[in-house]
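Data first, discussion second: the structure below is written as structure tokens.
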Amino acid sequence: MPKVVSKGKVKLLDIEITVYVLDNGQRVIPEDDMRKALLFLGIPQKDIEYLLNPKRDKII
């Protein structure tokens, strides 16, 4: 299981997004912050729910 080795914030105009760096080099954004970023970009709530639903079809 990867472990968090670093945590930072990315500021996008009026919002801040948390970003974690894992020990395997992967960067991840927590779901709440991803949701906040998508809303900021104007993505409709129903589309965000679809995108973040782990049970959705993998074919887009």
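Positions are given from 1, in the same order as the sequence printed here. Because only heavy atoms are used, hydrogens play no part in the values below, and waters and symmetry mates are left out as well, while side chains stay in.
Looking at every heavy atom in both residues, Arg35 comes nearest to Ile48 through NH1-CG2, 3.8 Å. Of all heavy-atom pairs spanning Phe40 and Leu12, the tightest one is CZ-O, 3.9 Å.
Under a hydrophobic clustering in which Ile, Leu, Val, Met, Phe, Trp and Tyr are joined whenever their side-chain heavy atoms come within less than 4.5 Å, directly or via other members, Val10 and Leu41 fall into the same cluster. Note: the hydrophobic cluster containing Met1 does not contain Val5 (ILVMFWY, side chain heavy atoms under 4.5 Å, direct or indirect links).
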Distance-only check: which donor-acceptor pairs under 3.5 Å involve side-chain atoms of residues 15-25, not counting sequence neighbours?
| residue | atom | partner | partner atom | Å |
| --- | --- | --- | --- | --- |
| Thr18 | OG1 | Lys9 | NZ | 3.0 |
| Thr18 | OG1 | Asp33 | OD2 | 3.0 |
| Asp23 | OD1 | Lys3 | N | 3.2 |
| Asn24 | OD1 | Gln26 | N | 2.9 |

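Of the inter-residue distances, the one linking Glu49 atom CD with Leu38 atom CG reads 10.5 Å to the nearest 0.5 angstrom.
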